[in-house]
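Here's the structure we're looking at; comments come further down.
Side chains included, hydrogens not; waters and symmetry mates left out as well; all remaining heavy atoms used. Both counts, for ligands and for their atoms, begin at 1 and track the order of listing.
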Amino acid sequence: MNSISDYDVYTARMQKTYYDKCWWINHIPGKVNTIIDFGCADAGIYNFIDNMYPGRFTYIGVDANEEMLRIARKEYEGNARVSFYRSLKELNGFSQENTVMILNSVMHELFTYSNHIEVFDFIADVRKTSPAYIAVRDMHKVSPTIKFDWNLENNPYQEQYLSYKEVTDFDEADINFSLEFLLKYLYPENWSREVIEKYLWNWSDFFENTLEKDIVHFGEAEKMYGYIRKYEEDFSIRFLQEKWKEDFGIEIDIPTHKKVLLIKKED
Ligand SMILES: C[S@@+](CC[C@H](N)C(=O)[O-])C[C@H]1O[C@@H](n2cnc3c(N)ncnc32)[C@H](O)[C@@H]1O
């Protein structure tokens, strides 16, 4: 995985959206008392949640980045309700029906840094972990709508734009080309990492074709139920839209992000 050059900047950036990253709380029943946070980073969100709902949740953080895990473990040292792991395969001893798995801003990293087999392995691991609820929030590819013309003469972000143009898979005529740049240009501190990340992909369809399907191997005896989509919302980030207007004179209102809540079918 491409390393992060500035952990303070990286984690500070994520804190801005903690409240919105807890959107699922109002959609799950009160009995749910365990969070599995896949791609938890420094797990700062748990302090935030525990302030809102003191003592309600036990927290299991999972992250593949050892440095993130070290920072997170240090922060919650001695807290018996918090534990950390490197992979979903290591988890045990939680009640699946009282658990919500949250996937905040991690689908795009999984897609960027994992090969196809690993992405399907991830789905298999999620099925095995089998939480009652799965809440996903991330940037999301949009359907082409308008063509976008850039004029970056004398613009301070021109150099970033050119380096982005060199590595992105999107064609300049695709609106996703422009949106992906607009979503990443504000993060120059970890630019060598950000510029290559595939921010926009259709993880919603991917879930529909995988986790949301039942698996039947050898007849009903081997049936493994999938998940049902209970809630879905496309949205955009207001402060980014204001920044785009300020930095490029661009006024667009296209949803660049998506939230999805999946619920496990009853056996
Ligand atoms: C952009 S951060 C999001 C952090 C946090 N969920 C948030 O929204 O504030 C993505 C995190 O996912 C982790 N990550 C990426 N791919 C992963 C994988 N395959 N397994 C576990 N963690 C992964 C990264 O190490 C990073 O800490």
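Contacts with ligand 1 closer than 4.0 Å are made by no heavy atom of F122, backbone or side chain. Within the 4.0 Å heavy-atom criterion, the part of K21 lying near ligand 1 is the side chain and not the backbone.
Within the listing of ligand 1, atoms 4 (C), 27 (O) sit less than 4.0 angstrom from a heavy atom of A41. Residue L110 approaches ligand 1 through these ligand atoms, each under 4.0 Å from one of its heavy atoms: 19 (N). Applying the 4.0 Å criterion to heavy atoms of V106 picks out, from ligand 1, the atoms 12 (O), 14 (N), 15 (C). Near N65, meaning under 4.0 Å from one of its heavy atoms, ligand 1 places the atoms 25 (O).
The six-membered or imidazole ring of F206 lies away from that of F111, with a centre-to-centre distance of 6.0 Å or more. For H140 and W203, the ring centers are positioned less than 6.0 Å apart.
Taking distance alone, with nitrogen or oxygen atoms compared against 3.5 Å, S114 stays at or beyond that limit from ligand 1.
Note on R193 versus E109: salt bridge recorded, some NZ/NE/NH1/NH2 to OD/OE distance being below 4.0 Å.
Each of Y164, Y157, Y199, F170 was scored for a ring pair (Phe, Tyr, Trp, His ring centres under 6.0 Å) with F181, with one residue passing: Y164.
Comparing heavy-atom distances from atom 24 (C) of ligand 1 across H108, M68, E109 singles out E109 as nearest.
By the 4.0 Å heavy-atom criterion, I45 is excluded from the residues contacting ligand 1.
The aromatic rings of W150 and Y161 sit tilted, their planes meeting at an angle between 30° and 60°. Between Y59 and F84, the ring planes lie perpendicular to each other; the angle is over 60°, past the 30° to 60° tilted range.
Counting heavy atoms from C-beta on, the side chains of Y76 and S83 never come closer than 4.5 Å.
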